[in-house]
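Below: one structure, written as structure tokens.
Everything numeric in this text was worked out from a predicted model, so none of it was measured. Worth knowing before you read on, the calculation uses all heavy atoms, side chains too, and leaves out hydrogens, waters and symmetry mates.
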Amino acid sequence: MLGPGSKQHQRQLLCSFLPGLFACVGCVPRRTRRSARGRVESPAPACAVTLLLQRLQDNQGDRAQAYCELEHVLWEDDSRPPCGVLNRLLAEVSQDLTAAQGVPDSMRMAASNVLVALARTHFTLVMAELQGHLKATGEMSKEFVLITLSKLFTNYAPQCISFVWLTLAGLRSVVGWVRGGRTLRIACAVVKQLLEGVKVHLCSGKQCPWPAVEIEQIYKSLYQLLCSVLRNWQDCQEEKDKQAVLGAVATMMAVLLQEELLREHVWEQLLCLGHLYQEVQDTCRGTKSLNIFLEALEGVQSVIPRDKFLAITSAVFYQLSDNTKECSEADRAELTHCILLQARICPEETVLFLQTQLGADREAGCVAALGLLGALARSDEPVMTEKLPQVVEAVQCLCSDPRTQVRRAILHFIKDVLSANAQSCSAWDVVGHIFSEFSRTTGRRAAGDLSAQEAREEGALQELCVDILGSLDVSVRGMSKLLWPRLLLYVVPAQYTGMLIPVSRCVQALAEGGDPMVREIEELDPHFLSSMFQGPLLTPQTLLARLLT
């Protein structure tokens with residue numbers, strides 16, 4: 001009997017162990033291969049992988065071309081390299097993928113594509129290799145490691161779910177040593193891409209793939225990543241870097257809002273978010289990033305710190321009212337959308353903030369506030385419907401403002417209000433203001449003391465008055481009461497001759513819609529009616545004579 005410690009027993013154990021060891025490293029003793037040739041069938045693509053790997057290891061021919069051929073083979077349905085070949089392939093590809101210098105981007109991209117193809121059959125090993133590179137220190141490039149991760153998120157989203165926590169930890173390591181440039185921007189893009197998937201799964205309720213403990217760990221890692229990004233990248237200098245960091249920070253904060261216990265930490269970072277936003281020169285791109293956070297905030301039922309929220313509102317408003325910067329229509333649309341979002345989140349604070357800007361000395365600020373209040377009126381937000389009469393009264397205080405841009409903005413505001421809710425204008429005769437403004441511009445142009453530029457501006461104001469009256473929708477609720485019979489006051493006076501056509505069209509539209517005097521006679525002001533029809537200015541004879549001229 002063989003003893004457990006005898007040499008013969010040890011030899012037998014070794015002989016039984018070696019075949020398994022050889023299989024793990026991808027090689028089998030020659031004698032075994034020969035005897036097993038008839039029983040074990042090696043797929044052809046594995047042989048192709050081995051040959052191409054040998055070319056890479058021997059530095060034969062074009063490496064990028066070898067990678068392209070290797071990628072093609074790995075995408076074949078029956079290709080599954082043995083373990084030993086796989087390990088050597090990972091080592092060879094990683095060497096080019098992470099080389100600090102001396103390897104062109106085209107070759108790195110080809111190597112990245114090989115890993116993506118290899119992940120089809122060996123996803124866990126490829127992901128583990130990339131995670132190791134993220135956390136590794138020393139002289140190595142992580143740019144194409146991040147690019148490869150992004151491709152895995154795109155091609156294998158379900159398999160990536162299990163690696164979210166590890167990836168967040170790895171990204172935190174990258175943030176610690178990258179200070180700017182393309183790698184920073186790619187890392188920010190990877191953060192946004194990863195979190196888009198995370199957000200979908202976290203909001204899926206019972207279908208969420210993570211247990212509660214792991215969700216808590218994901219949130220914790222994400223908050224640590226946010227703090228690391230703000231600590232290391234908040235003061236980056238390049239415009240593209242600033243845009244990337246703002247987008248990543250806004251996305252991270254939007255996801256963190258889903259966890260109630262972390263919201264206080266999110267509020268603490270609101271000022272940092274506002275600072276990042278103010279630093280970005282591309283207004284449209286920066287506002288789109290900010291809107292990612294605000295759209296998430298809109299769905300959160302929570303008390304938001306008023307002072308910090310108003311800091312965001314003020315930052316956006318400053319961008320819109322900064323007349324030292326060129327602001328395209330797309331920029332204005334994005335900024336206006338941003339303010340509308342804030343009005344839905346904190347309606348009282350936003351409307352009050354805009355009202356305070358009406359009294360500002362800065363013309364651009366007053367004009368911007370009028371435009372935003374008009375946009376809020378058009379949006380038909382419940383809070384604006386309630387506060388519109390109050391806002392209209394505030395705007396009325398600007399009627400005598402001589403500044404041309406403010407006068408134009410007031411007219412646009414009136415147009416917006418009349419298209420949305422004519423009933424809110426009961427406290428201010430907005431129709432009368434349109435005619436007063438028309439008469440005012442007529443008088444200034446007739447005086448003949450305007451410069452060419454001023455004359456053009458006054459003419460544009462006149463055209464705007466005519467356009468507003470001509471575009472009125474008399475079917476809007478409260479419009480009949482607002483227009484009839486007030487419009488008749490402006491038919492006879494000669495200074496309103498230029499408005500006679502739109503006035504006549506409005507009267508015709510009111511008549512075609514039914515007799516407003518009969519339908520709403522009880523709602524009309526009797527004192528106004530009396531003064532109108534009994535005064536010397538408007539009589540049936542003068543009205544008829546005017547219409548016949």
* Asked: Is there any side chain to side chain donor-acceptor pair (under 3.5 Å) pair reaching into residues 337-349, and which pairs are they, with sequence neighbours excluded?
  -> E298-R344, T313-Q342, R344-E381, E348-K387
* Structure fact -> Applying salt bridge (charged side-chain N to carboxylate O under 4.0 Å, His left out) to R63 and not counting sequence neighbours gives E92, D96
* In chain order, what residues pass the side chain to side chain contact (heavy atoms under 4.5 Å, CB included) check against D241, with sequence neighbours excluded? -> L184, R185, C236, E238
* State whether the side chain of R179 and the backbone N or O of G176 hold a donor-acceptor pair below 3.5 Å, judged by distance alone. => yes
* Asked: Can you list the residues that meet the ring pair (Phe, Tyr, Trp, His ring centres under 6.0 Å) rule with Y67, with sequence neighbours excluded?
  -> none
* To do: Could you list the residues that satisfy ring pair (Phe, Tyr, Trp, His ring centres under 6.0 Å) with F153, not counting sequence neighbours?
  => none
* To do: Not counting sequence neighbours, which residues clear side-chain hydrogen bond (donor to acceptor under 3.5 Å, both in side chains) with Q355? List them please.
  => Q390
* Hey, could you give me the CD1/CG distance between I292 and L297, rounded to the nearest 0.5 Å? => 13.5 Å
* Please name all residues satisfying side-chain hydrogen bond (donor to acceptor under 3.5 Å, both in side chains) with S289, sequence neighbours left out, ordered by chain then number. => none
* Distance, nearest 0.5 Å, that separates CD of E268 from SG of C227 -> 8.5 Å
* **Any residue meeting ring pair (Phe, Tyr, Trp, His ring centres under 6.0 Å) with F123, in chain and number order, not counting sequence neighbours** => Y156, F163
* Structure fact -> The single option from L97, L152, L125, V145 that satisfies side-chain contact (heavy atoms from CB on, under 4.5 Å) with L115 is L97
* To do: With sequence neighbours excluded, tell me which residues meet salt bridge (charged side-chain N to carboxylate O under 4.0 Å, His left out) with E69.
  => R55
* For D322, enumerate each residue passing the salt bridge (charged side-chain N to carboxylate O under 4.0 Å, His left out) test, keeping only those at least two apart in sequence or located in another chain. => none
* Partner set under ring pair (Phe, Tyr, Trp, His ring centres under 6.0 Å) for F353, not counting sequence neighbours -> F317
* Asked: For D105, which residues count as a salt bridge (charged side-chain N to carboxylate O under 4.0 Å, His left out) partner, sequence neighbours excluded?
  -> R108, R182
